[in-house]
Amino acid sequence: MNTDYLVIGAGATGLAFADALVAEADVEVTVIDRRQAPGGHWLHAYPFIRLHSPSAYYGVNSLALGEDHIDESGENAGYYERARGGEVREYFAEAAARLARTGQVRILTEHEHLGSGTAGEQVRDMNTGVVHDVVARRKVVDARYLEASVPATHTPSFEVSPGARVFPVNELPAAAGSGSSYTVLGSGKTAVDACVWLLDNGVDPDSIRWVRPRDAWFHDRSQFQPLEQVGGIIEGISLDAEAGAQAADLDDLWHRLEASGRLVRIDRSRPATMYRGTMLSPRELRAVRQIETVVRLGRVRRIEADRIVLEHGEVETRSDVLHVDCTALGLRDAPAAPIFQPGRILLQQVRHLSPSFNAALVGAVEARRDDDADKNRLCPPNPYPAGIEDWPRMVRRTWKTEHRWLSEPDLAGWIAESRLNLLGALPAHVTEPPVRTALERYLTHVGPAIERLEQLDGSRRSGPVGTARDPA
Ligand SMILES: Cc1cc2nc3c(=O)[nH]c(=O)nc-3n(C[C@H](O)[C@H](O)[C@H](O)COP(=O)(O)OP(=O)(O)OC[C@H]3O[C@@H](n4cnc5c(N)ncnc54)[C@H](O)[C@@H]3O)c2cc1C
């Protein structure tokens with residue numbers, strides 16, 4: 001069982017890390033996961049889920065996901081394909097099988113990491129119950145620090161009384177039709193997906209009630225299109241930089257980002273505070289805006305047969321109302337910690353909104369550099385956003401880190417070639433006038449924006465609402 005690297009977690013990040021590492025280093029890697037197959041949370045995805053971002057830059061570096069075609073119809077029409085849950089699961093199964101065929105990687109599913117023991121890392125074979133001591137000759141790689149939480153497997157934070165009909169979003173297609181109306185619980189992308197699914201299946205918008213503890217900001221999907229449409233990405237980033245450089249205060253920043261089309265919210269008349277970096281297409285936005293019954297009384301505390309008790313009040317319900325749980329956290333909030341540590345790698349976000357890219361980048365840096373301080377300089381952690389207040393920190397940290405990459409020719413070369421780099425096609429399109437204009441706007445504003453966002457972030461931290469989640 002001994003190995004050079006022991007990767008805990010065979011989700012997207014554990015596999016992307018292992019894939020990039022063995023592409024460049026002659027090492028033995030063992031990837032373990034307590035689930036029955038590789039793919040992490042995708043194994044429990046709801047039936048109608050799709051990636052919210054294009055398949056083109058998702059997954060592992062060595063294997064394309066999909067064929068980079070542009071959808072001709074449906075809510076994604078005009079945009080690059082986005083894999084459905086089943087395709088993502090098949091993709092990760094294939095990625096894992098290919099890794100195993102290199103002879104450098106061993107994938108052990110139904111193996112659980114219990115902790116560190118005196119004789120090595122303790123790994124339990126869940127079929128036999130035998131606990132093995134595994135010595136990781138180089139490093140233990142924690143690919144579950146940001147483990148995703150999804151409705152099918154999480155424990156809801158509210159109680160359900162007998163007689164109330166509450167189920168995870170995964171069961172919606174099977175349960176739909178067995179009630180008179182629907183109450184969707186949750187503020188994020190999963191709740192949007194549930195509402196769009198209901199509307200697409202002919203449910204009257206007036207039969208849907210939406211319990212939204214917070215209103216959310218989303219991105220417009222058109223600004224996250226790669227390859228031939230990469231101009232939209234640099235356009236979006238340049239709008240970030242312009243808004244960041246010119247913002248008078250945080251409210252003005254959100255206003256500018258919305259006015260430029262960079263951020264969107266479902267109800268423009270309501271303040272939005274939630275932000276998880278997810279994207280919607282204009283069609284999805286139009287669809288969910290038809291739902292007019294929105295309950296804004298905070299988080300759900302308890303669902304009874306005839307009422308829903310929330311933080312700030314209660315509303316009536318009935319036993320023939322189907323309550324759809326979309327409240328799982330999704331991305332885990334975890335404090336920043338050095339990614340490269342003695343004997344350990346703690347996978348985290350580096351460039352914002354690029355989980356596959358980041359894990360692969362850390363694998364490539366591990367293969368190419370010797371000194372942990374240098375590796376940490378190139379890959380500083382950048383925690384996932386819990387709310388829109390995290391946007392200035394997250395974006396400015398990405399820009400500062402990307403600037404460092406540019407002065408490392410070998411790494412810049414790896415990034416330029418990586419299929420997981422959403423900006424990979426930029427050089428091929430840089431002579432197009434709109435792309436050049438956007439790039440110039442970005443280059444003009446990024447320096448002042450970094451400074452301004454640092455000031456705005458500082459003002460927030462010293463105020464009463466500062467969370468100081470990111471001490472680095
Ligand atoms: C619903 C949803 C949709 C998303 N869509 C996108 C998207 O479209 N585009 C995008 O870029 N990002 C998306 N994300 C972001 C997400 O971070 C990534 O897609 C990615 O799948 C997360 O992978 P992960 O490896 O970090 O975590 P996970 O998938 O949670 O994998 C962690 C693994 O660690 C294993 N594990 C945990 N503890 C142990 C232990 N003690 N021993 C052994 N194994 C253990 C778990 O079983 C799990 O399989 C989405 C996230 C969610 C929740």
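Order of listing sets the numbers, starting from 1, for every ligand and every atom in it. Note that the structure is predicted; figures quoted are calculated from it, not measured. Side chains included, hydrogens not; waters and symmetry mates left out as well; all remaining heavy atoms used.
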- Would you call E366 and K139 a salt bridge, taking side-chain N to carboxylate O under 4.0 Å as the test? yes
- Task: Decide, yes or no, whether a salt bridge links R165 with E171 under the criterion of side-chain N to carboxylate O below 4.0 Å.
- Result: no
- Message: With nothing but distance in play, are any N or O atoms of A148 less than 3.5 Å from an N or O of ligand 1?
- Response: yes
- Message: Students should be able to answer this: which protein heavy-atom is nearest to atom 36 (N) of ligand 1, and at what distance?
- Response: R144 CB, 3.9 Å
- Note on the structure: Going by the 4.0 angstrom heavy-atom rule, the piece of L331 near ligand 1 is side chain
- For atom 41 (N) of ligand 1, what's the nearest protein heavy atom and its distance? H113 O, 3.1 Å
- Considering heavy atoms of the protein only, find what lies nearest to atom 48 (C) of ligand 1 and give residue, atom and distance to 0.1 Å. R35 NH1, 3.1 Å
- Task: State whether a side-chain donor-acceptor pair under 3.5 Å links D193 with Y46.
- Result: yes
- R35 bridged to E112 by N-O distance under 4.0 Å: no
- Hey, does T190 come in under 3.5 Å of ligand 1, counting only N/O atoms on both sides? no
- Task: Nearest heavy atom to atom 6 (C) of ligand 1 wins, so pick from R34, R332, M279, H52.
- Result: H52
- Query: Is R137 paired with E28 through a side-chain N to carboxylate O contact shorter than 4.0 Å?
  - Reply: yes
- Using a strict cut-off of less than 4.0 Å between a Lys/Arg side-chain nitrogen and an Asp/Glu carboxylate oxygen, indicate whether D240 and R262 qualify as a salt bridge. yes
- Note on the structure: Near S53 (heavy-atom distance under 4.0 Å), the atoms of ligand 1 are 7 (C), 8 (O), 9 (N), 10 (C), 11 (O)
- Query: Would you call R34-E110 a salt bridge at under 4.0 Å N-O?
  - Reply: no
- Message: Under 6.0 Å from the ring centre and within 45 degrees of the ring axis: does the NZ or CZ of R396 meet both conditions for the six-membered ring of W399?
- Response: no
- When you look for heavy atoms under 4.0 Å from ligand 1, do you find them on the side chain of T278, its backbone, both, or neither? neither
- Note on the structure: ligand 1 atoms nearer than 4.0 angstrom to some heavy atom of H111 are 43 (C)
- Item | Numbering as shown, the atoms of ligand 1 that approach G9 to under 4.0 Å (heavy-atom distance) | 33 (C), 34 (O), 35 (C)
- Message: Tell me whether E112 has any N or O atom under 3.5 angstrom from an N or O of ligand 1.
- Response: no
- Nearest non-hydrogen protein atom, atom 37 (C) of ligand 1: E147 OE1, 3.3 Å
- Item | Salt bridge E75-R283, side-chain N to carboxylate O under 4.0 Å | no
- Number the atoms of ligand 1 from 1 as they appear, then name those within less than 4.0 Å of a heavy atom of P355, with their elements. 10 (C), 11 (O), 12 (N)
- Nearest-neighbour protein heavy atom for atom 51 (C) of ligand 1, which is reported as residue plus atom name and distance: H41 NE2, 3.6 Å
- Answer yes when R50 and D71 have at least one side-chain N-carboxylate O distance shorter than 4.0 Å, and no when they do not. yes
- Should you measure from each heavy atom of I8, which atoms of ligand 1 turn up under 4.0 Å away? 40 (C), 42 (N), 43 (C)
- Among Y145, W42, F17, whose heavy atom sits nearest atom 4 (C) of ligand 1? W42
- Note on the structure: ligand 1 to I49, heavy atom cutoff 4.0 Å, flagged ligand atoms 1 (C)
- Between the side chains of Y58 and H52, is a donor N or O closer than 3.5 angstrom to an acceptor N or O? no
- Message: With the threshold set strictly below 4.0 angstrom, can you tell me whether any protein non-hydrogen atom sits that near atom 14 (N) of ligand 1?
- Response: no
- Starting from atom 49 (O) of ligand 1, locate the nearest protein heavy atom and write down its residue, its atom name and how far away it is, to 0.1 Å. D33 OD2, 2.7 Å
- Pick out which of I415, V362, N61 makes a side-chain contact (heavy atoms from CB on, under 4.5 Å) with F357. I415
- Give the atoms of ligand 1, by number and element, whose distance to some non-hydrogen atom of Y384 is under 4.0 Å. 17 (O)
- Task: Considering only non-hydrogen protein atoms, determine which one is nearest to atom 32 (C) of ligand 1 and report residue, atom name and distance to 0.1 Å.
- Result: A143 O, 3.8 Å
- Message: If you take the centroid of each ring, where Trp contributes its six-membered ring, are F48 and W197 closer together than 6.0 Å?
- Response: yes
- side chain to side chain contact (heavy atoms under 4.5 Å, CB included) against D125, all qualifying residues, sequence neighbours excluded: H111, N127, T128, H132
- atom 24 (P) of ligand 1 has as its nearest protein heavy atom T13 OG1, 3.5 Å
- Item | Proximal atoms of ligand 1 relative to Y58 (non-hydrogen, under 4.0 Å) | 9 (N), 10 (C), 11 (O), 12 (N), 18 (C), 19 (O), 20 (C), 21 (O)
